[in-house]
Amino acid sequence: MYISDFETRTLTPRQKARDIAATVCDPEIPVLTIADLGILRNVEIKDNNVTVTITPTYSGCPAMDAIRDDLKTAFAKEGYTAEVDLVLAPAWTTDWMTDAGKAKLKEYGIAPPSGMAAAGGHHGPIRLQMAVKCPQCSSLNTKELTRFGSTSCKALYVCKDCLEPFDYFKVL
């Protein structure tokens, strides 16, 4: 899935290619683009051939094949051929998610990751997660029901005030 109404501006070919790649949505959370999620690492272009580099949220992420196909489709519609490279290092963390992406998660009903990942060069004390804010009513009176939700990146929570269950995108 990708956002089909790509706006044409005065951009370098590489910027245009990056903008095209950035419109591709995550198939598991369709309100997030791969740029929002922070898995879009690099875009290179030579003539009409584009190479996109992405990093999965974890090494076995089942969405990578769909994202690869959606990238190829998005570029084909704009007259390019695309190759997609997966890189595992450095490992993706939720720190790479944009603030706009976190806001989209909350609006979609998924609690965004709270805090910073221990990986990625953060040194010093590790923050303990004390509570997850309900994306529906903003209450901190929530409880984890299961460590894994609809995908392995998410945990299933319930709000004890509004009684709504919700996914929490774990800090990874």
**Pairs touching residues 47-63 that satisfy salt bridge (charged side-chain N to carboxylate O under 4.0 Å, His left out), sequence neighbours left out** = none
**Val132 backbone acceptor or donor facing Thr142 side chain under 3.5 Å** = yes
**Complete:** Closest non-hydrogen contact found for Ala74 with Val24 is CB-CG2, 4.1 Å
**Request:** Look at the side chain of Asp85 and the backbone N and O of Thr51, then say whether any donor-acceptor pair between them is shorter than 3.5 Å.
**Result:** no
**Test item: Leu40 and Arg18 side chains (from C-beta on) under 4.5 Å apart, heavy atoms** = yes
**Prompt:** What is the minimum heavy-atom distance between Ala17 and Ile45, and which atoms define it?
**Reply:** CB-CD1, 4.3 Å
Without placing hydrogens or testing angles, list every side-chain donor-acceptor pair under 3.5 Å for residues 54-63, not counting sequence neighbours.
| from | atom 1 | to | atom 2 | distance (Å) |
| --- | --- | --- | --- | --- |
| Thr55 | OG1 | Arg41 | NH1 | 2.8 |
| Thr55 | OG1 | Val87 | O | 3.2 |
| Tyr58 | OH | Ser152 | OG | 3.0 |

**Request:** Could you tell me which residues satisfy side chain to side chain donor-acceptor pair (under 3.5 Å) with Asp36, sequence neighbours excluded, listed by chain and number?
**Result:** Thr33, Lys104
**Fill in**
Residue set satisfying ring pair (Phe, Tyr, Trp, His ring centres under 6.0 Å) with Phe169, at least two apart, ordered chain then number -> none
**Asked** What pair of heavy atoms forms the shortest contact from Cys162 to Cys159, and how long is it?
**Response** N-SG, 3.4 Å
**Asked** Under the 3.5 angstrom rule, does the side chain of Tyr168 hit a backbone N or O of Glu144 as a donor-acceptor pair?
**Response** no
**Request:** Just jot down the side chain to side chain donor-acceptor pair (under 3.5 Å) partners of Thr53, sequence neighbours excluded, or say none.
**Result:** none
**Request:** Provide the closest heavy-atom pair for Cys137 versus Cys134 in the form atom of the first, atom of the second, distance.
**Result:** N-SG, 3.5 Å
**Asked** Between Leu37 and Trp92, what is the shortest heavy-atom contact and its length?
**Response** O-NE1, 3.0 Å
**Asked** For Lys106, what residues pass the side chain to side chain donor-acceptor pair (under 3.5 Å) criterion, not counting sequence neighbours?
**Response** none
**Pairwise distance CG(Asp26) to CD1(Ile67) - rounded to 0.5 angstrom** = 5.0 Å
**Asked** In the hydrophobic clustering that connects Ile, Leu, Val, Met, Phe, Trp and Tyr at side-chain heavy-atom distances below 4.5 Å, which members other than Val158 occupy its cluster, ordered by chain and number?
**Response** Leu145, Leu156
**salt bridge (charged side-chain N to carboxylate O under 4.0 Å, His left out) partners of Lys170, counting only residues at least two apart** = none
**Request:** Tell me, please, which residues at least two apart from Glu44 pass salt bridge (charged side-chain N to carboxylate O under 4.0 Å, His left out).
**Result:** Arg14
**Item:** Any Pro113 side-chain heavy atom under 4.5 Å of Met97 side chain
**Value:** yes
**Prompt:** Who pairs with Arg68 by side-chain contact (heavy atoms from CB on, under 4.5 Å), at least two apart in sequence or on another chain?
**Reply:** Asp65, Lys72, Val84, Leu86
**Prompt:** Which pair of non-hydrogen atoms, one from Leu32 and one from Gly101, has the smallest distance, and what is that distance?
**Reply:** CD2-O, 3.3 Å
**Request:** Look up atom CD1 in Ile39 and atom CH2 in Trp96, then write down how far apart they are to the nearest 0.5 Å.
**Result:** 10.5 Å
**Request:** List for me each residue that meets side-chain contact (heavy atoms from CB on, under 4.5 Å) alongside Asn141, sequence neighbours excluded, and say none if there are none.
**Result:** Ser139, Lys160, Asp161
**Fill in**
Contacts of Thr12 meeting side chain to side chain donor-acceptor pair (under 3.5 Å) (sequence neighbours excluded), chain-then-number -> Gln15
**Prompt:** What distance separates Lys154 NZ from Ile29 CD1, expressed to the nearest 0.5 Å?
**Reply:** 4.0 Å
